[in-house]
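What follows is one structure encoded as structure tokens, with my remarks underneath.
These numbers come from a predicted model, not from an experiment. Starting from 1, each residue takes its place in the sequence as its number.
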Amino acid sequence: IAIATTLVKGLGIGVVVALVFIGTSLVCSLFRNRIAEAWRIPFLLAVSALLTTLLQMNLAAFLFPVYATLGLFVPLVAVNGLIFTRGLSIAFRQSVLTTLRDAVVLSIGVILVLTLLGALREFIAYGSLFAGAETLFGPQAKDWLWHPMPKKYSFILASMAPGALILLGMLYALKNL
């Protein structure tokens, strides 16, 4: 959640997590009957690291602005707890179709939450939405920036890690109402 300081960054890292998660779940499910119980965690880690590295290299080669925006946070996706827990609980125990359906649904949820969190952080911290949209959507998105608050508006806590955790806690509380 640290990188999701804007709507665009939240969407970007959400898509990266989704691609790695779906790929890792699919590969682990395909090999679930061939991997011994003792080797499942190392296999899961290796697949996750491989897919993350491939995605990072492709972002650097073909979508450099996105790569530059997400930076250091792309490699950290490889050790995401979501990938491990779902991999061990679903991918190694369910059919490929069940695993794929679970991974897609969970990935959509991750993308939505990270995008919403990024949008809230951007709006509260800077009073704007869609800052940097051109990095994901191309030069035509430069005009998408919406800035309803005064230009000097700033609430810096929302752009920092504690602000992200506070907002995430508030979203969780709202979900539980």
**OP:** Could you please spell out the steps behind the side chain to side chain contact (heavy atoms under 4.5 Å, CB included) verdict for V20 and S48?
**Re:** CA-CA 7 Å; V20 172; S48 178; 4.0 Å; yes

Original post:
Does the side chain to side chain contact (heavy atoms under 4.5 Å, CB included) test come out yes or no for L55 and L51, once each step is laid out?
Top reply: CA-CA 6 Å; L55 186 60; L51 293 176; over 6 Å; no

Original post:
Is it the case that more than 12 heavy atoms not belonging to F92 sit under 6.0 Å from its CZ atom?
Top reply: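 Yes.
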
Original post:
Should the heavy atoms of other residues, nucleotides or ligands under 6.0 Å from CE of M149 be counted, would the total exceed 12?
Top reply: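 Atom CE in M149 is crowded, with more than 12 foreign heavy atoms closer than 6.0 Å.
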
Original post:
Does anything in residues 40-53 pair up under salt bridge (Lys or Arg N to Asp or Glu O under 4.0 Å), and if so which pairs, sequence neighbours excluded?
Top reply: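 Matches after skipping sequence neighbours: E37-R40.
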
Subject >> Pairs touching residues 115-137 that satisfy salt bridge (Lys or Arg N to Asp or Glu O under 4.0 Å), sequence neighbours left out >> reply: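 Matches after skipping sequence neighbours: E134-K142.
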
Original post:
Is a side-chain donor or acceptor of S89 paired with a backbone partner of T85 at a separation under 3.5 angstrom?
Top reply: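 It does hold such a pair.
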
**OP:** Using modelled atom types only, decide if a donor and an acceptor are shared between the side chain of S159 and the backbone of I156 within a distance under 3.5 Å.
**Re:**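 At least one qualifying donor-acceptor pair exists.
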
What side-chain donor-acceptor pairs closer than 3.5 Å can you find for residues 1-12, not counting sequence neighbours?
{"from": "T6", "atom 1": "OG1", "to": "K9", "atom 2": "N", "distance (Å)": "3.1"}

Subject >> Residues that F123 engages under ring pair (Phe, Tyr, Trp, His ring centres under 6.0 Å), provided they are two or more places apart >> reply: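 Ring pair (Phe, Tyr, Trp, His ring centres under 6.0 Å) check on F123 returns nothing, list empty.
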
Subject >> F62: partners by side-chain contact (heavy atoms from CB on, under 4.5 Å), with sequence neighbours left out >> reply: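 Residues passing side-chain contact (heavy atoms from CB on, under 4.5 Å) with F62: N58.
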
**OP:** List for me each residue that meets side-chain contact (heavy atoms from CB on, under 4.5 Å) alongside I41, sequence neighbours excluded, and say none if there are none.
**Re:**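 Testing I41 for side-chain contact (heavy atoms from CB on, under 4.5 Å), a comparison that skips the adjacent residues, returns L88.
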
**OP:** Would you sort out whether V15 and I111 count as a side chain to side chain contact (heavy atoms under 4.5 Å, CB included), showing the intermediate values?
**Re:** CA-CA 6 Å; V15 169; I111 291 170; 4.2 Å; yes

Subject >> Hydrophobic cluster of Y126, others only, ordered by chain and residue number, side-chain cut-off 4.5 Å >> reply: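 Reading the cluster by chain and number, Y126 sits alone, since nothing else belongs.
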
**OP:** Can you tell me which residue pairs pass the ring pair (Phe, Tyr, Trp, His ring centres under 6.0 Å) test with a partner in residues 140-170, sequence neighbours excluded?
**Re:**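 Listed once each, the pairs are F137-W144.
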
**OP:** Scan residues 9-57 for pairs that pass ring pair (Phe, Tyr, Trp, His ring centres under 6.0 Å), counting only residues two or more places apart or in two chains.
**Re:**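 Every ring pair (Phe, Tyr, Trp, His ring centres under 6.0 Å) pair that includes a residue of residues 9-57, provided the two are not neighbours, is F31-F43.
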
When the side chains of residues 161-177 are checked against the rest of the protein, which donor-acceptor pairs come out under 3.5 Å, sequence neighbours left out?
{"from": "N176", "atom 1": "ND2", "to": "Y172", "atom 2": "O", "distance (Å)": "3.3"}

Original post:
Considering all heavy atoms of both residues, which atom of V77 and which atom of T52 are nearest to each other, and what is their separation?
Top reply: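 Taking every non-hydrogen atom into account, C-OG1, 4.2 Å.
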
Original post:
Looking at A91 and S25, what are the two nearest heavy atoms and their distance?
Top reply: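 Minimum heavy-atom contact is CB-O, 3.6 Å.
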
Subject >> Joint cluster assignment, L70 & F64, ILVMFWY side-chain distance < 4.5 Å >> reply: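 Cluster IDs for L70 and F64 match.
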
Subject >> Shared hydrophobic cluster, L63 / Y67 (ILVMFWY, side-chain heavy atoms < 4.5 Å) >> reply: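 L63 clusters together with Y67.
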
Subject >> Pairs touching residues 92-109 that satisfy side-chain hydrogen bond (donor to acceptor under 3.5 Å, both in side chains), sequence neighbours left out >> reply: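 Output for this query lists S29-T99, R86-D102, S95-T98.
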
